[in-house]
Amino acid sequence: MTTSDSLRDTKIPTHEAVTIPAVGFGTLIPDPLVTRQATRAALEAGFRHLDCAERYRNEAAVGNAMQDAFRAGTLRRQDLFVTTKLWNTNHRPERVKPAFDASRRRLQVDDIDCYIIHTPFAFQPGDEQDPRDAHGRVIYDSGVTLAETWHAMERLVDEGQCKSIGLSDITLEKLREIVAVARIRPAMVQVESHPYLPEWELLDFCREHGIVLQAFAALGHAMEPNLLADPVITAIAERLNRTPAQVALAWAVQRGTAFLTTSTNPRRIQENFDISTLPEDAMRQMRDGITTNIRFNSVVETGVPGFIPRAG
């Protein structure tokens, strides 16, 4: 891991000779107009890693925000690291390339820096993103394996418009299975991780294999118990004259992970970007003093993202 003049500029190298900006802006924002405004604010604040997804239904708005910056001359495409994701209904190998191309069109870019399988769970293929039976239960697709989907992802890299590939919402056990059969290993694994769910064992495995662990819900997603009200974090924040969010995000980068944070408030967006190195005693306090352990999102068990509302 290399840092330049500040923690927020950290880039993490992968085994694929791709370097990933540690500080990322997540675009899970329901309203497309607000998405465009928030993404523009994130780019103006200094974020250079944008995390998108077909399932968020707002890739076009993110693409518009990027084009705004390109037209203004403030950014070039090569300044940005753009991630987007293959949704569960497109796991069958013949559906992977069309889904990838559709995301590129919506994002208005020629290539994707990292294309990620959104969850390891295949849903019934089709246009309905959240297929349910008459009893409201998810309809899964037993006709495809995660390894088959992964090999279709590898072919995207071969074709040159996808620079790297990865996985999201995956357990260590499932990740081991993919690494064992992969011709092109994952560059990035995106999982829920924060001081209440540090995922140390998964992080160690990722380090061993040159995979970047990217933490989503890095601030706990405003769920209870409130991570940002944790007494260890608030005491460090007060001592260092920083916000609890800045402490939690700095902790994420210093321990070797990338992170995603999402906000629609320009002041909060800037605050989340303006992180700086914590002293070693603060890092020790967080590792030894925080005993709460909780997962806020059950997606790893079902493939249904807990933070994305079902389409009405």
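Side chains included, hydrogens not; waters and symmetry mates left out as well; all remaining heavy atoms used.
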Assess whether side-chain contact (heavy atoms from CB on, under 4.5 Å) is satisfied between Val179 and Ile211, documenting all intermediate values. CA-CA 10 Å; Val179 168; Ile211 301 168; 4.1 Å; yes
Residue pair Glu192, His221: steps toward the side-chain contact (heavy atoms from CB on, under 4.5 Å) verdict: CA-CA 10 Å; Glu192 177 185 348; His221 208 73; over 6 Å; no
Spell out, yes or no, whether Val144 and Leu156 are grouped together once hydrophobic residues are joined by side-chain heavy atoms under 4.5 Å, including indirect joins. no
Does Phe296 reach the side chain of Leu197, with side-chain heavy atoms less than 4.5 Å apart? no
Which pairs pass side chain to side chain donor-acceptor pair (under 3.5 Å) with one or both residues in residues 224-236, sequence neighbours excluded? Tyr196-Asp230
Nearest non-hydrogen partners of Pro195 and Ile290, listed with the distance: O-CG2, 3.7 Å
Stepwise side chain to side chain donor-acceptor pair (under 3.5 Å) check, His151 with Glu154: CA-CA 5 Å; His151 294 319; Glu154 291 173 327; 2.8 Å; yes
Is there a path of hydrophobic side-chain contacts, each under 4.5 Å between heavy atoms, that joins Ile294 and Leu203? yes
Approximate separation, where rounding is to 0.5 Å, of Thr257 OG1 and Leu249 CG: 9.5 Å
Lys85/Glu59 salt bridge by N-O under 4.0 Å criterion: no
Crowding at CG, Asn241 (>12 non-hydrogen neighbours, <6.0 Å): no
Establish whether Val304 and Leu28 are linked, either directly or via other cluster members, by ILVMFWY side-chain heavy-atom contacts under 4.5 Å. no
One thing to verify: whether Lys97 and Asp101 come together as a salt bridge, which I'm taking to mean a side-chain N less than 4.0 angstrom from a carboxylate O. yes
Single hit among Val299, Leu86, Asp169 for side-chain contact (heavy atoms from CB on, under 4.5 Å) with His118: Asp169
Any idea which heavy atoms bring Phe25 and Ala38 closest together, and the distance? CZ-O, 3.9 Å
Find out whether Thr264 and Asp31 are in side-chain contact, i.e. whether some heavy atom of one side chain is under 4.5 Å from a heavy atom of the other. no
Leu50 CG to Leu260 CG distance, which is reported to the nearest 0.5 Å: 10.0 Å
Kindly indicate whether the side chain of Cys114, heavy atoms from C-beta on, has any atom under 4.5 Å from the side chain of Ile20. no
N-O pairing of Arg267 and Glu271 below 4.0 Å: yes
Between Asp204 and Arg207, is there a side-chain N and carboxylate O pair less than 4.0 Å apart? yes
Does Leu167 share a hydrophobic cluster with Tyr140, counting links as ILVMFWY side-chain heavy atoms below 4.5 Å and allowing steps through other members? no
Walk me through it: do Gln285 and Arg239 pass the test side-chain contact (heavy atoms from CB on, under 4.5 Å)? CA-CA 13 Å; Gln285 282 177 280; Arg239 172 164 68 93; 3.1 Å; yes
Between the side chains of Asp288 and Arg284, is the shortest nitrogen-to-carboxylate-oxygen separation below 4.0 Å, so that they form an ion pair? no
Check whether any side-chain N or O of Arg185 sits under 3.5 Å from a backbone N or O of His15 as a donor-acceptor pair, and report yes or no. no
Are the side chain of Ser168 and the backbone of Gln190 linked by a donor-acceptor contact shorter than 3.5 Å? yes
CD1 of Ile275 to CG of Leu7, rounded to nearest 0.5 Å, is 4.5 Å
Rounding to 0.5 Å, atoms CG (Asp158) and CZ (Arg183) come to a distance of 4.0 Å
Matching residue for Trp87 among Phe121, Tyr56, Phe123, Tyr115 - test: ring pair (Phe, Tyr, Trp, His ring centres under 6.0 Å): Phe123
State the CD1-CH2 distance between Ile117 and Trp150, to the nearest 0.5 angstrom. 6.0 Å
Hey, does the side chain of Asn58 reach the backbone of Thr27 with a donor-acceptor pair shorter than 3.5 angstrom? yes
Check the hydrophobic clustering (I, L, V, M, F, W, Y; side-chain heavy atoms under 4.5 Å; chains of links allowed) and say if Ile184 and Leu213 are grouped together. yes
Residues Phe100 and Cys162: closest non-hydrogen pair is CZ-CB, 3.6 Å
Quick check: are there more than 12 heavy atoms from other residues, nucleotides or ligands sitting under 6.0 Å from CD of Glu201? no
Which pair of heavy atoms, one from Val212 and one from Pro13, lies closest together, and at what distance? CG2-O, 4.2 Å
Between Pro131 and Asn88, is any pair of side-chain heavy atoms under 4.5 Å apart? no
Given 3.5 Å as the limit, does a donor-acceptor pair link the side chain of Thr89 with the main chain of Gln124, or not? no
Hey, is Arg176 close enough to Glu173 for a salt bridge, meaning N to O under 4.0 Å? no
About how many Å separate CD1 of Ile112 and OG of Ser103, when rounded to the nearest 0.5 Å? 6.5 Å
Show the nearest heavy-atom pair for residues Ser276 and Arg242, with the distance to one decimal. O-NH1, 2.8 Å
Kindly determine whether Gln270 and Arg268 satisfy side-chain contact (heavy atoms from CB on, under 4.5 Å), including the steps that lead there. CA-CA 5 Å; Gln270 187 68 60; Arg268 187 80 40 78; over 6 Å; no
Heavy-atom closest pair (Ala187 atom, Thr14 atom, distance to 0.1 Å) is O-CG2, 3.5 Å
Has the side chain of Thr84 got a donor or acceptor atom that lies under 3.5 Å from a matching backbone atom of Ala53? yes
Could you work out, with side-chain hydrogen bond (donor to acceptor under 3.5 Å, both in side chains) as the rule, every residue matching Asn90, not counting sequence neighbours? Glu54, Arg95
Are a donor atom and an acceptor atom from the side chains of Ser193 and Arg255 found within less than 3.5 Å of each other? yes
For residues Leu75 and Arg48, determine if any side-chain heavy atom of one lies less than 4.5 Å from a side-chain heavy atom of the other. yes
Are any non-hydrogen side-chain atoms of Gln246 and Leu240 less than 4.5 angstrom apart? no
If we only count heavy atoms from C-beta on, is the Trp251 to Ile233 side-chain gap below 4.5 Å? no
With salt bridge (charged side-chain N to carboxylate O under 4.0 Å, His left out) as the rule and sequence neighbours excluded, what pairs involving residues 72-84 come up? Arg76-Asp79, Arg77-Asp111, Arg77-Asp113
Non-hydrogen side-chain atoms of Asp68 and Leu43 separated by less than 4.5 Å: no
